[in-house]
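Below you'll find the structure, written out as structure tokens, and then a few comments.
Heads up: numbering here begins at 1 and tracks the sequence.
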Amino acid sequence: MDQPGFAIFDTAIGRCGIAWGAAGIVGLQLPESSDMVAVRRLGQRFPRLARATPPVAIGAAIARIAAYLAGASDDFASLALDESNVGAFDRAVYRAAQAIPAGATSTYGEIAAGLGDPRQARAVGQALGRNPWPIIVPCHRVTGADGKMGGFSAPGGRATKRKLLELEGALAADSLPLFAVRSDP
């Protein structure tokens, strides 16, 4: 990739941000209340990066993310993610989340069990709370036991999580998830 940096871009759910480095996408930012807030948050998350024009590969990723948030289907599996600041447990959790297809959900406990220890549901939730790539790594598809929404640390919290699940058809308006799928990473 060209020079590392970050950019803000338009989507159907608001203006998002993306940060990149030599190895790929470093982070994704869901919409904030304003561009100023988004730029400030990206600057806090990635203090060594400055606002820049996205290189071709990042421009293509932006187009895919924007299309997805407008209703297109995409699993983002081919996007290069820079995992250099992500620990092994978190990487395993993110891979399990990426295995959940659009329109389906799994639970923190199911992911923990799939990773070998069902008692680690809280640790799975904490890892997902640190997810640097929401949407690309679909942490919104992971719910609490019995389909409860659970937390969502991205801007907008549970309302954003609900909006993303509704977009994918995993959630009917004002209801609990319609179905779930077990994830076996």
**Report entry** Heavy atoms of other groups near Asn85 CG, more than 12 under 6.0 Å
**Finding:** no

Report summary line: One should read off an interatomic distance between Leu49 CG and Phe6 CZ, to the nearest 0.5 angstrom, of 7.5 Å

**Report entry** Value rounded to 0.5 Å, distance of CG in Leu30 from CZ in Arg41
**Finding:** 9.5 Å

**Report entry** Same apolar cluster: Val37 and Ile18, side chain cutoff 4.5 Å
**Finding:** no

Requested in this report: Taking the side chain as every heavy atom from C-beta outward, state whether Ile8 and Leu42 have any atom pair closer than 4.5 Å.
Outcome: yes

Query raised in the report: Atom CZ of Arg51 and atom CG of Asp35: how far apart are they, to the nearest 0.5 Å?
Result: 6.0 Å

Requested in this report: Say whether, by atom type as modelled, one donor and one acceptor occur between the side chain of Trp133 and the main chain of Val26 under 3.5 angstrom.
Outcome: yes

Query raised in the report: For the side chain to side chain contact (heavy atoms under 4.5 Å, CB included) test, which of Pro132, Pro138, Cys139 pairs with Tyr94?
Result: Pro132

Give every donor-acceptor pair under 3.5 Å between a side-chain atom in residues 71-79 and any protein atom, sequence neighbours left out.
residue	atom	partner	partner atom	Å
Asp74	OD1	Arg64	NH2	2.8
Asp74	OD1	Phe76	N	2.7
Asp74	OD2	Arg64	NE	2.8
Asp74	OD2	Arg64	NH2	3.4
Asp75	OD1	Ala77	N	3.0
Ser78	OG	Arg64	NH1	2.9
Ser78	OG	Arg64	NH2	3.4

**Report entry** Transitive ILVMFWY side-chain link Phe9 to Ile135, under 4.5 Å
**Finding:** yes

Query raised in the report: Do Leu115 and Gln120 have side chains that get closer than 4.5 Å, going by heavy atoms?
Result: no

**Report entry** CZ-CG distance between Arg15 and Asp10, expressed to the nearest 0.5 angstrom
**Finding:** 4.5 Å

Report task. Hey, could you give me the CD1/CG distance between Ile65 and Leu28, rounded to the nearest 0.5 Å? Result -> 4.5 Å

Query raised in the report: Any chain of hydrophobic side-chain contacts (each under 4.5 Å) joining Val86 to Ile111?
Result: yes

**Report entry** Verify same cluster id: Ile100, Leu69 (apolar side-chain graph, 4.5 Å)
**Finding:** yes

**Report entry** Arg122 CZ: over 12 foreign heavy atoms closer than 6.0 Å
**Finding:** no

**Report entry** Linked, directly or transitively: Ile13 and Val137 (ILVMFWY side chains, under 4.5 Å)
**Finding:** yes

